[in-house]
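Worksheet: the structure to be examined is printed underneath.
As the structure lists them, so they are numbered: ligands from 1, and atoms in each ligand from 1.
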Amino acid sequence: MHTHPSVQVGRRAAQPFSADNLPMQALPDTFCFLNGDYTALQDARISVLDRGFIFGDGIYEVIPVYGGRLFRFDEHIARLGRSLAEVQMANPHTAEEWRDIADNLIQRNPSTRESDHTVYLQVTRGVAPRDHAIPPGVKPTVFAMINPLKSQSATARAQGVACVTADDFRWKKGHIKSTSLLPAVLARQISVEAGATETILLRDGILSEASSSNVWVVKDGQLMGAPRDHLVLEGIRYGLLETLCRDAGIPFELRKISHAELLAADEVMLSSATKEVLAVTRLDGQPVGSGQPGPVYQKLYAAYQAAKAASEPTAKAPAPAAASVPIEGAESLIEYPSLFPIKVMGPKVEGFVETMAAIATEHDPSFEISRVQMRDSSGGKYLSVTLTVTATSREQLDNLYRALTAHPLAKYVL
Ligand code: PDD
């Protein structure tokens with residue numbers, strides 16, 4: 001069996017870039033390119049909200065540089081273009097611009113004249129609030145650097161090298177809560193484009209989960225979910241729903257669920273830290289069961305709220321006043337479910353309306369773009385957008401209000 005040796009970090013005298021003096025490897029003293037500027041690699045900074053960091057939402061290339069000359073550059077740039085297109089990112093540069101960047105790096109890094117190197121190019125989807133859905137109108141992060149090309153030893157050349165075999169598990173370890181979420185981003189985008197809240201995924205005709213939530217199917221009063229295996233991220237709500245079902249007398253089973261069973265379900269629901277439990281009432285344009293949140297959902301939702309209310313406050317929990325309701329007085333006035341208009345003011349920029357509508361859809365799966373009304377403000381610089389959502393609970397409205405106010409494009413939410 002192959003085990004992974006633990007990583008040993010060597011002790012070094014100088015630590016050139018380490019704000020908190022953690023032991024780390026010396027970073028190369030080279031020039032890199034970041035978003036239009038050439039800068040020392042050690043000084044290059046990107047936001048922690050960069051989607052490359054948060055989701056692995058990016059594309060890269062590694063191009064050899066022999067004797068200061070780029071090798072097979074056009075082919076690498078063509079593949080970069082294809083990869084970008086596959087993940088729905090616009091190519092931020094023409095082939096000539098990419099060549100200029102690579103040439104500039106070679107010019108500015110004299111070591112490229114002494115030994116072989118590689119040019120590394122990376123494009124990420126840029127910086128945006130964390131949301132799997134692809135954010136509209138965001139500038140990509142463009143980064144390029146140069147690295148020495150470690151040539152193979154004479155022994156390796158003369159004798160060849162050893163390898164081992166393994167199952168090709170790439171993109172098949174769904175049970176790891178990894179930040180390599182590009183497949184999840186692309187999966188979520190399918191639902192965004194269909195005006196839906198989530199994309200429910202099937203592998204070889206068997207239900208696994210959704211792009212960022214688990215999926216539950218109800219048949220004849222029983223709640224069923226996919227088995228705990230490597231194809232599914234076992235949500236923290238797996239255990240919770242099992243307990244809630246037991247307490248509520250709802251039979252609970254984890255087993256393989258076929259596409260046909262999913263389509264024939266009486267109820268379908270999602271669960272996640274952010275969605276709690278959420279009824280799915282339409283699937284691929286067809287109603288699920290009665291087309292309304294069903295009785296098992298209603299029971300589990302109520303049980304979930306009770307579990308929340310019973311959860312221990314942490315030592316640092318905010319005082320109750322801090323969690324006060326943004327929609328003042330709403331509780332006594334609103335009957336649930338009912339249509340509830342929320343007005344959002346924001347800049348008249350591309351994607352503002354779609355972004356606000358996407359947030360509304362997150363909190364109201366029945367929300368449709370036809371329920372958006374728009375008005376220009378007097379100066380023409382701002383838009384006032386009214387989103388009429390189906391309010392199902394005070395909590396849902398609070399969460400929606402918070403999500404809208406938290407978005408940088410939303411200036412006022414009323
Ligand atoms: N997503 N499956 C996937 C692929 C998920 O990303 C998540 C959570 C879940 C549900 O896990 P839990 O019940 O522990 O939240 C299942 C989080 C909410 C996210 O990425 O935003």
Side-chain angles (χ1 to χ4, degrees), residues 48-58 87 124-125 127-135 169-192 196-203 206-217 223-246 252 254-257 262 268-280 283 296-297 300-301 303-308 311 355 358-365 395-396 399-400 402-404 406-407:
V48 291
L49 281 180
D50 193 282
R51 286 176 63 98
F53 177 64
I54 294 286
F55 287 123
D57 191 2
V87 302
T124 80
R125 209 177 301 269
V127 179
R130 185 181 183 276
D131 183 341
H132 285 63
I134 294 175
F169 53 76
R170 293 173 302 165
W171 290 41
K172 271 198 275 178
K173 283 190 182 269
H175 63 298
I176 304 173
K177 201 157 175 68
S178 151
T179 52
S180 297
L181 283 171
L182 180 56
V185 165
L186 297 180
R188 170 74 178 95
Q189 194 60 17
I190 295 171
S191 54
V192 171
T197 295
E198 253 292 27
T199 308
I200 294 180
L201 302 166
L202 297 135
R203 251 186 230 260
I206 301 294
L207 170 68
S208 47
E209 56 179 334
S211 77
S212 64
S213 43
N214 293 118
V215 179
W216 304 93
V217 164
L223 188 78
M224 291 175 288
R228 294 177 165 103
D229 64 16
H230 65 287
L231 299 178
V232 167
L233 182 81
E234 183 193 334
I236 299 305
R237 269 128 287 277
Y238 255 66
L240 176 58
L241 288 182
E242 191 167 6
T243 307
L244 298 181
C245 278
R246 193 185 55 222
F252 175 94
L254 300 182
R255 67 160 172 84
K256 286 193 186 323
I257 297 161
L262 173 68
V268 173
M269 61 192 92
L270 307 171
S271 74
S272 78
T274 47
K275 293 189 172 63
E276 305 186 344
V277 281
L278 181 62
V280 177
L283 188 57
V296 173
Y297 166 76
L300 286 174
Y301 180 72
Y304 198 109
Q305 301 318 306
K308 273 163 60 180
S311 70
T355 307
I359 295 173
T361 312
E362 280 277 326
H363 296 262
D364 169 18
E395 206 191 333
Q396 172 224 21
N399 288 338
L400 171 56
R402 283 196 191 98
L404 290 168
H407 198 282

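Within the 4.0 Å heavy-atom criterion, the part of Ser213 lying near ligand 1 is the backbone and not the side chain. When non-hydrogen atoms are compared, ligand 1 lies under 4.0 Å from the side chain of Lys177 (C-beta onward) but not from its backbone. Under 4.0 Å from ligand 1, the heavy atoms of Ser211 that appear belong solely to its backbone. With a 4.0 Å cut-off on non-hydrogen atoms, Arg237 touches ligand 1 through its backbone as well as its side chain.
With hydrogens and angles disregarded, a donor-acceptor distance shorter than 3.5 Å links the side chain of Arg188 to the backbone of Thr197. Ser208 places a side-chain N or O within 3.5 Å of a backbone atom of Leu201 that can act as its donor or acceptor partner. No side-chain donor-acceptor contact under 3.5 Å links Asp57 to the backbone of Arg51. Under a 3.5 Å cut-off, the side chain of Glu209 and the backbone N or O of Leu233 do form a donor-acceptor pair.
For atom 10 (C) of ligand 1, the nearest protein heavy atom (residue, atom name, distance) is Asn214 OD1, 3.4 Å. Ranking protein heavy atoms by distance to atom 18 (C) of ligand 1, first place goes to Thr274 OG1, 3.9 Å.
No more than 12 heavy atoms of other residues, nucleotides or ligands shown are found within 6.0 angstrom of CZ on Arg170. Remark: Tyr304 OH is packed, more than 12 non-hydrogen atoms of other residues, nucleotides or ligands lying under 6.0 Å away.
Using a 4.5 Å heavy-atom threshold, the side chains of His132 and Val192 count as separate. Within the 4.5 Å cutoff, no side-chain heavy atoms of Glu362 are placed close to those of Asn399.
Near Gly235, the atoms of ligand 1 lying under 4.0 angstrom from a non-hydrogen atom of the residue are 10 (C), 11 (O), 12 (P), 13 (O), 14 (O). Within ligand 1, counting atoms from 1 as listed, the ones closer than 4.0 Å to a heavy atom of Glu209 are 2 (N), 3 (C), 4 (C), 16 (C). Counting the atoms of ligand 1 from 1 in the order shown, those under 4.0 Å from a heavy atom of Ile236 are 12 (P), 13 (O), 14 (O). Ligand 1 places these atoms under 4.0 Å from at least one heavy atom of Arg130: 19 (C), 20 (O), 21 (O). Of all atoms in ligand 1, numbered sequentially from 1 with element shown, those under 4.0 Å from a heavy atom of Ala273 are 12 (P), 13 (O), 15 (O). For ligand 1, the atoms lying closer than 4.0 Å to a non-hydrogen atom of His132 are 19 (C), 20 (O), 21 (O).
When only interatomic distances are considered, the shortest N/O to N/O separation between Ser212 and ligand 1 falls below 3.5 Å.
Taking the six-membered ring where tryptophan is involved, the planes of His175 and His230 are perpendicular, since the angle between them exceeds 60° and thus also 30°.
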